[in-house]
Each structure stands twice: as C-alpha cells, then as structure tokens.
Participant: 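Below: one structure in structure tokens.
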Amino acid sequence: MAETWINETLYPDWGQRFLVTRELARVKSDFQDVVVFESSSHGRVLVLDGVIQITERDEFVYQEMLTHVPVLAHPCAKRVLIIGAGDGGVLRRVLEHKTVEKAVMVEIDGTVIELSKQHLPNIAGDAWNDPRAEVIVGDGIDYVAKAADGSFDVIIVDSTDPIGVGEVLFTDEFYSNCARILSDEGLIVNQCGVPFMQADELYETSLRRAKFFPHVSAYVAAVPTYVGGFMTLGMASKGQAPNTQTLEQIRARAEAANILGTTRYWTPEIHVGSFNLPPYIAEHLPKTDK
C-alpha cells in the first residue's frame, strides 16, 4: 500500500509534509476546506485550506501562550471574548482561570467546531459544557460591531492568516470596535504569523492597532509546526503596557487564577521573557509616538 502524505501549502516555495496514517475527515464547508487526519509523529492534525492549524502534539504551546499571556496581562480579567478558535483549545485554557466569569466564543465555521468535537476531543476537553462558556456559530466581525461598550476585558483572536475567511479580522473598523467594547484596562491579542516568512503581518497589524490603542507590543512562542522559527502574537492594550509588567505581578495573578503548575509551556518567567524580541523581529514593530 502506497504511503499518503499531506503537504502544507502556506508558502509557494517552502513547507512541510506529514505522513498520514488515517484520514478522519475531508469536508468543504461554506467557508473553507477542512481536513482532519491522524499522523504518526504529531497525533491528530487539523488543516484549513491546506494550512496546518493545530496538532495534538504541540497545540499546548500555541494555546497556552495565546490565552494565558493576555488573560494574565490584565489585572483581573473576568469577561473574555474569543473570535475563531473552533477547535476549542483557547476556550479550554481561558476557562482554566478560576477568576474568569464568562467566556464568549464566536466561530464563523460551525463545521470546524463539529469536526473538532468529533475527532479532536482532547483539545477542548470539557470546555464545551462549562456553564461559563457561550459558544456562538456566527460572524465575529458582526458580533464585535454590535457588542456593548466596555463589555469585555480581553479579546483573543485566533484566526487564520489575513487572507480568505480571516482577512476581515485585520481591518481598521474591526480594531476600532474592539477598542470600544473593551474595558478601561482591556487588551486584544491575535497571531501575527511567523516573522521570518511573514514580517509584513506583524508590521501592518501593529500599525493598524496603534491607531486605537495606546500600547502596542508583541511577544513570541516557539510552535514546532508553525515552520520558520518564532511565531509572533500581537497585543494592544488600553491599560498598562504588557511588556512592562513584572514577574511578581504575573506570578501573583497566576496564583489567583489557580494555573501555576498546570501548564506545559507557559510560566511566569516565559511570560515576561517572551516580550524580549530578537532584533530581526523587533525591527518590524512600527515606531509610534504613543
């Protein structure tokens, strides 16, 4: 029997491939092509439009850093909005914070949610059934446009790259509404790609966020299946600049949230250190007067 491989198509001239031991689902939803397969090296893998989104083996790196850093950068995050993240991993990590009272997740593609529940149950765990969670299959842009002023403390955007279905999540109008619905010390985070290959994403989204937030920064996480080195996660804040917070502040908040000792990548030290960017990444953060 011939071997079956899946080749990632994110870049036209460089990529990675996985040996498929079993294909679990291949669906064309109303928004994108969705594939879930089992690999011999990384467990089960979710692919959207030919791009690797998450693998069972290393999802903890991305999910922990996308979640714990912004939630703990806020002095007391109680209301969290998640846009995208249909696999449920971010929802799970948000709800690990006992200090969070409400988590609203808005995912445009219900197919991703259903396939993740069916084939990737370990990623979300019991998060789908947590009484603090509200899961909406709908348009995150529309939800943000209609949400009340100051209704959330943290917004986590877990989207695809700014092409196709994810493109509308990187506009001036979207960031303006995000700033409006965030509380006085609120902040927003979203993935800005791998700067070794996608430096424009970090620069352009940071410049756009700077129009609406006084503090714009970025931090890094090393996710093995996001090829090209560090991934950057862009953050914008209405309160204290996240890259100036101390180890003592973050540790105290983590203790209050009851997550110390529960993580596999995030620690208070990693949190603080992740804002110390290598020069080749920092040079793509726009210089602003704010």
Side-chain angles (χ1 to χ4, degrees), residues 46 53-54 59-110 112-114 116-117 120-159 166 169 174 177-191 233-239 242 250 253-260 262-263 265-266 271:
L46 172 66
Q53 300 299 310
I54 217 78
E59 58 86 23
F60 68 92
V61 180
Y62 180 66
Q63 313 275 31
E64 288 181 9
M65 291 299 283
L66 185 62
T67 302
H68 296 325
V69 175
V71 173
L72 294 172
H74 190 282
C76 188
K78 296 181 178 180
R79 304 160 299 165
V80 179
L81 172 62
I82 305 162
I83 298 177
D87 55 73
V90 172
L91 181 64
R92 169 188 163 192
R93 265 51 177 225
V94 167
L95 294 170
E96 286 175 353
H97 292 250
K98 71 175 186 181
T99 44
V100 168
E101 298 174 356
K102 179 181 181 181
V104 178
M105 172 182 154
V106 185
E107 163 62 55
I108 198 168
D109 196 341
V112 175
I113 295 177
E114 291 311 310
S116 296
K117 286 181 177 179
L120 300 163
N122 293 332
I123 289 182
D126 295 327
W128 303 117
N129 303 315
D130 193 299
R132 295 172 293 162
E134 179 183 358
V135 178
I136 299 168
V137 177
D139 185 351
I141 304 297
D142 186 59
Y143 185 91
V144 168
K146 294 177 179 177
D149 293 3
S151 52
F152 291 96
D153 301 310
V154 174
I155 299 174
I156 300 172
V157 183
D158 182 18
S159 69
L169 294 172
F174 174 70
N177 276 317
C178 285
R180 177 183 59 79
I181 71 171
L182 282 168
S183 55
D184 289 344
E185 295 185 274
L187 50 87
I188 180 173
V189 64
N190 63 279
Q191 67 92 355
L233 299 155
M235 186 179 289
S237 173
K238 295 171 74 173
I250 300 304
R253 292 170 188 173
E255 285 180 338
N258 201 33
I259 67 161
L260 279 181
T262 68
T263 56
Y265 186 94
W266 181 93
H271 179 125

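This is a predicted model, so every value here is computed, not measured.
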Participant: Checking side chain to side chain contact (heavy atoms under 4.5 Å, CB included) for the pair V90/Y62: CA distance, chi angles, key distance, verdict?
Facilitator: CA-CA 9 Å; V90 172; Y62 180 66; 5.5 Å; no
Participant: Any sub-3.5 Å donor-acceptor pair from R180's side-chain atoms to A147's backbone N or O?
Facilitator: yes
Participant: Give, for atom NE2 of H271 and atom CD1 of I250, the distance between the pair rounded to the nearest 0.5 Å.
Facilitator: 3.5 Å
Participant: What pair of heavy atoms forms the shortest contact from E59 to R93, and how long is it?
Facilitator: OE1-NH1, 3.1 Å
Participant: State the CD-CG distance between E255 and L260, to the nearest 0.5 angstrom.
Facilitator: 5.5 Å
Participant: Determine the minimum heavy-atom distance between K238 and L182, stating which atoms define it.
Facilitator: NZ-O, 2.9 Å
Participant: Please determine which of I155, V154, V94 meets the side chain to side chain contact (heavy atoms under 4.5 Å, CB included) test together with I82.
Facilitator: V94
Participant: To the nearest 0.5 Å, what is the distance between CD1 (I136) and CG (L81)?
Facilitator: 8.5 Å
Participant: Give a yes or no on this: more than 12 heavy atoms of other residues, nucleotides or ligands lie within 6.0 Å of atom CG of D184.
Facilitator: no
Participant: For L233 and V69, what are the C-alpha separation, side-chain angles and deciding distance, and is it a side chain to side chain contact (heavy atoms under 4.5 Å, CB included)?
Facilitator: CA-CA 10 Å; L233 299 155; V69 175; over 6 Å; no
Participant: Please state whether the rings of Y143 and F152 are parallel, tilted or perpendicular, taking 30° and 60° as the class boundaries.
Facilitator: tilted
Participant: Would you check, one step at a time, whether the test side chain to side chain contact (heavy atoms under 4.5 Å, CB included) holds for L46 with V112?
Facilitator: CA-CA 9 Å; L46 172 66; V112 175; 4.3 Å; yes
Participant: Is the side chain of T263 donor-acceptor paired with the backbone N or O of Y265 at a distance under 3.5 Å, no angle test?
Facilitator: no
Participant: What I'd like to find out is whether the side chain of I123 reaches to under 4.5 Å of the side chain of S116, using heavy atoms alone.
Facilitator: no
Participant: Check I83 against G140 and note the closest heavy-atom contact, atom names and distance.
Facilitator: CG2-CA, 4.2 Å
Participant: Measure from the side-chain N and O atoms of E107 to the backbone N and O of G86, and report whether any donor-acceptor pair falls under 3.5 Å.
Facilitator: yes
Participant: Looking only at heavy atoms, what is the nearest atom pair of A127 and A133, with distance?
Facilitator: O-CB, 3.8 Å
Participant: Please report the C-alpha distance between F174 and N190 in whole Å, then the side-chain angles of each, then the deciding distance to 0.1 Å, and finally whether the side chain to side chain contact (heavy atoms under 4.5 Å, CB included) criterion is met.
Facilitator: CA-CA 12 Å; F174 174 70; N190 63 279; over 6 Å; no
Participant: Spell out, as yes or no, whether a donor-acceptor pair under 3.5 Å connects the side chain of E64 to the backbone of W266.
Facilitator: yes
Participant: Identify the heavy atoms of A257 and T99 that sit nearest to each other, and give their distance.
Facilitator: CB-OG1, 3.8 Å
Participant: Taking atom CG of D142 as the centre, report whether more than 12 heavy atoms of other residues, nucleotides or ligands fall under 6.0 Å from it.
Facilitator: yes
Participant: Is the backbone of R132 close enough, under 3.5 Å, to the side chain of E101 for a donor and an acceptor to pair up by distance?
Facilitator: no
Participant: So, taking the atom named NE2 in H97 and the one named CG in L72, what distance separates them when rounded to the nearest 0.5 Å?
Facilitator: 5.0 Å
Participant: Where do A103 and L95 come nearest, in terms of heavy atoms and distance?
Facilitator: CB-CD2, 4.0 Å
Participant: Sub-3.5 Å donor-acceptor pair from the side chain of R79 to the main-chain atoms of S151, do we have one?
Facilitator: yes
Participant: Does K78 reach the main-chain N or O of D153 with its side chain, forming a donor-acceptor pair under 3.5 Å?
Facilitator: no
Participant: When rounded to the nearest 0.5 angstrom, what distance separates CD in E96 from CG in N258?
Facilitator: 10.0 Å
Participant: With a 4.5 Å cut-off on side-chain heavy atoms, are D87 and Q53 touching?
Facilitator: no
Participant: Starting at CG of N122, measure out to CZ of R92 and round the result to the nearest 0.5 Å.
Facilitator: 8.0 Å
